[in-house]
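Below is one structure; the comments refer to it alone.
Remember, predicted model here, so these are calculated numbers, not experimental data. Scope of the values below: all heavy atoms of this structure, side chains included, with no hydrogens, waters or symmetry mates.
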Amino acid sequence: MSGEIMPTAGRGVYGLRVHGLDESSELPPAEGGALGWPAVRVDQLDVPPPPPVPLDDRRSTRILADGRTLSVDRLRGTATFYGPPLAPDVLAHPYLAPVATTVNRWAGRETFHSGAFVLAGRAWAVLGPRTAGKSSLLAALAARDVSVLTDDILVVDGVDAFAGPRCVDLRHPVPGVALPARGVRAGDRLRVGLPPIAPHVPLGGWLFPRWGDAVTLTRLPAAALLARLASRRSFGQLPSDPGALLSLAALPAWELTRPRDWAALDDTYRLVVDTVATSSAVGATR
């Protein structure tokens with residue numbers, strides 16, 4: 001984004017340099033290569049909001065699910081929330097997600113409603129609807145010392161997947177997951193803190209979780225993956241590089257089926273880790 005020169009380095013998250021959220025402990029400082037990322041300043045105003053404006057290549061003003069209005073201006077490099085002030089930790093997650101989605105799509109990147117974890121030096125996306133159990137799976141992996149890259153939004157630029165805020169928010173406690181958590185969002189979520197991680201990691205492949213009777217991983221053909229990615233990328237009305245989407249669809253992908261039973265987490269973990277490790281080893285020999 002263009003606009004005024006920012007006086008500080010800001011925070012580096014979602015492939016962006018974010019200003020105005022320095023009080024948030026969930027967002028790491030922008031350092032090194034992150035200093036060259038697109039910049040955006042996040043502000044809050046408790047005044048009557050402007051009317052909605054459809055998303056185009058310059059601006060967007062929309063009403064969020066909670067009734068707040070979010071206005072993002074590409075030329076000014078700003079994102080403004082209109083409504084009662086939000087705490088820094090809530091601004092960082094989940095309210096930064098729609099800002100990051102908009103700005104990154106303007107930057108020519110692809111974004112998905114997806115989490116991701118890191119194994120064998122690569123990021124593995126966990127892509128599905130809100131009820132698919134993405135966050136609980138990521139928390140279970142984190143409890144087993146698997147690094148979590150992002151909880152809610154996955155931003156991809158070429159082969160790079162960018163890190164999100166350093167937290168996972170859960171609707172309910174996950175049995176057997178011994179991670180410190182605290183209540184956030186007026187007690188509606190349990191927040192699990194995550195350790196620091198590299199700002200971006202090469203993307204290795206895709207997992208699509210669903211509920212079923214047994215723990216299984218079914219390989220998806222490239223054509224099926226391409227259709228899923230094309231339908232689930234954010235703001236499909238904005239232009240995308242067809243070659244970039246084809247490259248993402250060339251990565252390995254599986255449908256992950258598991259029962260709604262916390263006792264199945266160990267089997268899920270072992271199957272995912274073994275499959276990803278095998279896929280990474282095969283890819284390294286090519």
Side-chain angles (χ1 to χ4, degrees), residues 1-2 12-18 33-34 36-40 54-60 62 70 72 74 77 79 93-118 121-130 132 134-135 138 148-165 197-209 220-256 276 279 283:
M1 298 179 76
S2 60
V13 64
Y14 291 134
L16 302 176
R17 190 157 47 100
V18 179
W37 289 349
V40 60
L55 172 70
D56 59 21
D57 63 351
R58 297 176 302 161
R59 58 181 179 167
S60 168
R62 56 183 168 133
L70 169 62
V72 189
R74 184 178 187 178
H93 185 60
Y95 281 86
L96 187 58
V99 176
T101 299
T102 305
V103 176
N104 275 297
R105 289 293 285 118
W106 280 334
R109 298 164 170 171
E110 295 293 348
T111 69
F112 302 89
H113 180 59
S114 172
F117 60 92
V118 179
R122 294 186 179 272
W124 303 87
V126 182
L127 199 158
R130 294 188 182 277
K134 298 187 302 298
S135 293
L138 292 171
V148 172
L149 186 70
T150 185
D151 175 26
D152 195 44
I153 296 294
L154 177 65
V155 179
V156 180
D157 186 5
V159 298
D160 285 330
F162 293 100
I197 197 170
H200 54 82
V201 179
L203 184 64
W206 308 85
L207 293 175
F208 292 84
L220 291 174
L225 175 60
L226 178 60
R228 292 194 186 197
L229 295 181
S231 66
R232 298 187 185 188
R233 74 190 198 280
S234 305
F235 301 135
Q237 71 269 34
L238 294 178
S240 293
D241 177 3
L245 204 59
L246 286 171
S247 296
L248 294 178
L251 297 173
W254 299 267
E255 191 165 69
L256 170 62
V276 165
S279 178

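- Leu55 places none of its side-chain heavy atoms less than 4.5 Å from the side chain of Arg62.
- Screening residues 104-115 for salt bridge (Lys or Arg N to Asp or Glu O under 4.0 Å) gives Arg109-Asp157, Glu110-Arg233 as the qualifying pairs, with residues at least two apart or on separate chains.
- Pro165 and Val13 make their closest contact through N-CG2, 3.4 Å (heavy atoms, listed as atom of the first residue, atom of the second, distance).
- A heavy-atom distance below 4.5 Å is found between the side chains of Val72 and Trp106.
- Within the 4.5 Å cutoff, no side-chain heavy atoms of Ser234 are placed close to those of His113.
- Remark: Arg59 CZ is loosely packed, at most 12 non-hydrogen atoms of other residues, nucleotides or ligands lying under 6.0 Å away.
- Residue Leu256 holds its CG atom at 12.5 Å from NZ of Lys134, rounded to the nearest 0.5 Å.
- Side-chain contact between Thr150 and Phe162 is absent, with no heavy-atom pair separated by less than 4.5 Å.
- The shortest non-hydrogen separation linking Gly121 to Val201 is O-CG1, 3.5 Å.
- Separating the CG atom in Leu203 from the CG atom in Leu154 is a distance of 6.5 Å, to the nearest 0.5 Å.
- Considering every non-hydrogen atom in both Asp151 and Ser135, the closest pair reads OD1-OG, 2.6 Å.
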Table please: side-chain donor-acceptor pairs of residues 123-130 below 3.5 Å, with sequence neighbours left out.
| from | atom 1 | to | atom 2 | distance (Å) |
| --- | --- | --- | --- | --- |
| Trp124 | NE1 | Leu119 | O | 3.2 |
| Trp124 | NE1 | Arg122 | O | 3.3 |

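- Of all non-hydrogen atoms in Ile153 and Ala97, the two that sit nearest each other are CG1-CB, 3.4 Å.
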Distance-only check: which donor-acceptor pairs under 3.5 Å involve side-chain atoms of residues 245-253, not counting sequence neighbours?
| from | atom 1 | to | atom 2 | distance (Å) |
| --- | --- | --- | --- | --- |
| Ser247 | OG | Gly243 | O | 3.0 |

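- Annotation: side chain of Phe208 is in contact with side chain of Leu225 (closest heavy-atom distance under 4.5 Å).
- The OG1 atom of Thr111 sits 9.0 Å away from the CG atom of Leu238 when rounded to the nearest 0.5 Å.
- Note: Trp206 CH2 to Arg232 CZ = 10.5 Å, rounded to the nearest 0.5 Å.
- Shown here for Val99 and Ala79, the closest heavy-atom pair between the two residues is CG1-CB, 3.6 Å.
- Residues Tyr14 and Val40 fail the side-chain proximity criterion, which asks for heavy atoms closer than 4.5 Å.
- Between Leu16 and Ala100 the shortest heavy-atom distance is CD1-CA, 3.7 Å.
- The closest side-chain heavy-atom distance from Ser60 to Phe235 is not below 4.5 Å.
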